[in-house]
Amino acid sequence: LHVEGKQIDDRFATQEVFINQLTWVKSPDPAVVAYLIFRDGKLVAKIPQSSTPKFDDQSRPYQVAIYKIFAIDNDGNRSKGVTLSIPKEK
């Protein structure tokens, strides 16, 4: 599972919103049915394999969030998972 992430600073008029955006390449394995996304150890999303491989998460600016993404099959078996921090720790 190849995952990339970035923090987007979205400004409109006087408001500013920070969005952590995760994108990945879908697994070619036909058994994969969805992707589980955890932020700081808590499940925040389940993205079906049929959906666009992207997750946008509003976040507090300048704070690091640790994500872990797993591919799952019909039986609930998880892949090894990928860990990603946004913004990247220095």
Could you pull out all donor-acceptor pairs under 3.5 Å where a side-chain atom in residues 42-53 meets a protein atom, sequence neighbours excluded?
from	atom 1	to	atom 2	distance (Å)
Gln49	OE1	Tyr35	OH	2.5
Gln49	NE2	Ser27	O	3.1

Are the side chain of Asp73 and the backbone N or O of Asp75 linked by a donor-acceptor pair below 3.5 Å?
yes
Say you draw a straight line from OG1 of Thr23 to CD1 of Ile69; how long is it, rounded to the nearest 0.5 Å?
9.5 Å
Give, for atom CZ of Arg78 and atom CD1 of Ile72, the distance between the pair rounded to the nearest 0.5 Å.
8.0 Å
To the nearest 0.5 Å, tell me how far Leu84 CG sits from Ile66 CD1.
8.5 Å
Residues which pass ring pair (Phe, Tyr, Trp, His ring centres under 6.0 Å) with Phe70, listed by chain and number, not counting sequence neighbours:
Phe38
Do Leu36 and Trp24 belong to the same hydrophobic cluster, where Ile, Leu, Val, Met, Phe, Trp and Tyr are linked whenever their side-chain heavy atoms lie under 4.5 Å apart, directly or via other members?
no
I would like to know whether Tyr67 and Asp57 meet side-chain contact (heavy atoms from CB on, under 4.5 Å); could you show each step before the answer?
CA-CA 11 Å; Tyr67 294 90; Asp57 188 23; 2.7 Å; yes
In terms of hydrophobic clusters joined by side-chain contacts under 4.5 Å, are Val33 and Phe55 together?
no
